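Throughout, protein chains are lettered first and strands after them, A, B, ... in sequence-line order, and every chain is numbered starting at 1. All values reported here derive from a predicted model rather than from experimental measurement.
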Amino acid sequence: MGLGLYPLGVAFGVLLVQSGFAWWWAPVFSSLIYAGSLEFLAIGLLLAVTPLASVAVTTFLVNFRHVFYGLSFPLHRVRGRAAKAYSVYTLTDEAYALAAARPHLTGRRIVAIQAFCQAYWVLGGVTGALLGAALPGTVRGLDFALTALFAVLAVDGWRATRDVPGPILALLSALAALLVAKGQLLVVALGLYVAALTVRYLLRGRRA
Amino acid sequence: MPEWRYVLAGLLVMFTVTVLLRAAPFVLLGRVRESGLLRFLAATMPAGVMVILTVYTLRDVPLAGAGPAAAGLAATLGLHLWRRSALLSIIAGTAVYMLALHLS
């Protein structure tokens, strides 16, 4: 499962260099932002010199799901402050899925798995960046890989819950934001979506 | 190309917010667990956030020239619903898009 991080890292590295960043930004990006979808998003956000407040709000909403991983992640088995801090920092979707599903894993094994996953991710990014730098000029249309990645993650997210109104509300929020606030699409759309979900939750509570 | 100081600051903001989110449940354990709204949001948000990110990446596609993007998206979604292989769906979807872009 962690091996899947390598090709994704390669794709990230290629996109980063093709967007105009120097290759050595790849390890900086993938060490500081160890969260797949956000890291891809970061290329466009930073290239457009998005205000840092918008960057913070976008990060918060895109990675909000992480708030719940901690509840069932066996951090109590990890010994030592530094190891615990590292384990929290690298608590990605993959790390959560690997550790939460295997109750027999020792703390040492959990941290080792997290370190391996991160190594795959960072090395993939560097490989991709060097590959991208070696390509002659820019490859037209390669940036669609990002669209395809998000579409794939949307399908996977939907498969986990089978919730139909959620993605539809999200699509409506995105289209509304596209029409009225294209420059701030991401923050406006995510805000509208969270508001719509909150209203939906309150309505549901009243009926129950 | 933006200034390196801005890029680094942006990366540090993303790092900080992400780590705070990951650490939050260990600090506020009970309160997070008991909140029905937070539970509901965490369960329903991921799929929708990805839908919004998909639209975001396509924001600059003109309606008149949407053919290649539509073809690429259809190929990606169709393949992923059918074969469930993320890597295959992304590579094939991007290839279809690049081909359609070349032909149009």
Side-chain angles (χ1 to χ4, degrees), chain A residues 7 20 28-29 32-33 35 37-38 41-42 45-47 49 52 55-56 59-68 70-71 75 88-89 91 140-141 144-155 157-158 161 163 166-167 169-171 173-174 178 182 185-186 189-190 193-194 197-198 201, chain B residues 1-2 6-19 21-26 29 32-33 36-59 68-69 72-73 75-77 80-81 84 86-87 89-91 93-94 97-98 101-102:
Chain A
V28 180
F29 268 63
L32 285 176
I33 321 177
S37 40
L38 181 71
L41 204 58
L45 284 177
L46 298 178
L47 214 53
V49 197
L52 292 180
V55 171
T59 305
F60 182 81
L61 293 169
V62 169
N63 275 343
F64 185 74
R65 63 186 187 282
H66 286 136
V67 161
F68 272 76
L71 294 181
L75 189 69
V88 170
Y89 153 60
L91 217 177
R140 210 165 141 245
F144 189 82
L146 187 52
T147 307
L149 168 71
F150 291 144
V152 159
L153 292 174
V155 171
W158 172 76
T161 57
D163 178 46
L169 286 174
L171 186 62
S173 305
L178 186 64
K182 196 178 159 194
L185 193 153
L186 214 45
L190 289 168
Y193 180 49
V194 172
L197 284 179
T198 307
Y201 173 78
Chain B
M1 191 68 345
Y6 164 77
V7 175
L8 200 61
L11 290 176
L12 285 173
V13 166
M14 293 190 203
F15 168 83
T16 308
V17 175
T18 304
V19 170
L21 280 171
R22 283 177 184 161
F26 300 109
L29 205 62
V32 174
R33 199 192 297 269
L37 175 62
L38 289 189
R39 254 181 195 291
F40 180 73
L41 286 181
T44 47
M45 268 177 81
V49 166
M50 293 307 156
V51 169
I52 291 173
L53 293 182
T54 308
V55 174
Y56 170 75
T57 60
L58 296 170
R59 70 193 180 288
L73 201 58
T76 308
L77 291 173
H80 202 57
L81 287 168
R84 292 192 179 206
L87 209 57
S89 314
I90 293 170
I91 292 174
T94 307
Y97 173 78
M98 288 166 91
L101 202 63
H102 193 71

- Message: I'd like to verify something: which residue of A/F150, A/F64, A/W158, A/F60 has the highest number of heavy-atom pairs under 4.5 Å with chain B?
- Response: A/F150

- Query: By a 4.5 Å heavy-atom criterion (distance strictly below it), what part of A/D163 contacts chain B: side chain, backbone, both, or neither?
  - Reply: side chain

- Message: Just verifying a value: how many Å separate B/L73 CG and A/T147 OG1, rounded to the nearest 0.5 Å?
- Response: 7.5 Å

- Message: Please identify, among B/I91, B/T18, B/L12, B/L11, the residue contributing the most non-hydrogen atom pairs under 4.5 Å to chain A.
- Response: B/L11

- Item | Interchain contact, B/M14 with chain A, by part (heavy-atom threshold 4.5 Å) | both

- Message: Let's test your reading of the structure: which of A/V49, A/L185, A/L38, A/T161 forms the most heavy-atom pairs below 4.5 Å with chain B?
- Response: A/V49

- Message: I'd like to know which of B/V49, B/V13, B/I52 tops the heavy-atom pair count under 4.5 Å against chain A.
- Response: B/I52

- Could you tell me which residues satisfy side-chain contact (heavy atoms from CB on, under 4.5 Å) with B/R84, sequence neighbours excluded, listed by chain and number? A/R159, A/R162

- Message: Quick check on A/L41 against chain B: is it the side chain, the backbone, both or neither that has a heavy atom closer than 4.5 Å?
- Response: side chain

- Note on the structure: In terms of heavy-atom pairs under 4.5 Å with chain B, the winner among A/G166, A/A174, A/A154 is A/A154

- Message: Please check: side-chain N/O of B/R22 versus main-chain N/O of A/Y89, any donor-acceptor pairing under 3.5 Å?
- Response: yes

- Task: Not counting sequence neighbours, which residues clear side-chain contact (heavy atoms from CB on, under 4.5 Å) with A/S173? List them please.
- Result: A/L192, A/Y193

- Highest number of heavy-atom pairs under 4.5 Å with chain A: which of B/T54, B/L58, B/T16? B/T54

- Item | Which atoms of B/L81 approach chain A - backbone, side chain, both or neither, heavy atom under 4.5 Å | both

- Message: Would you say that A/F29 contacts B/V7 through its side chain, given a criterion of any heavy-atom pair below 4.5 Å between the two side chains?
- Response: yes

- Item | Engaged part of A/L178 at the chain B interface, taking heavy atoms whose separation is under 4.5 Å | side chain

- Query: Most heavy-atom pairs under 4.5 angstrom with chain A, which of B/L8, B/V55, B/V17?
  - Reply: B/V17

- Query: Tell me, do B/H80 and B/I90 make a side-chain contact under 4.5 Å, heavy atoms counted?
  - Reply: no

- Among the options B/L101, B/V19, B/L37, pick out the one with the most heavy-atom pairs lying under 4.5 Å from chain A. B/L37

- Query: Less than 4.5 Å apart, any side-chain heavy atom of A/L91 and any of B/F26?
  - Reply: yes

- Task: Might you work through the side chain to side chain contact (heavy atoms under 4.5 Å, CB included) test for B/Y56 and A/L146, ending with a clear yes or no?
- Result: CA-CA 10 Å; B/Y56 170 75; A/L146 187 52; over 6 Å; no

- Task: Assign the ring pair B/F40 / A/Y201 to parallel, tilted or perpendicular, where the plane angle (0 to 90°) is split at 30° and 60°.
- Result: tilted

- Checking A/I33 against chain B: side chain, backbone, both or neither under 4.5 Å from a heavy atom? side chain

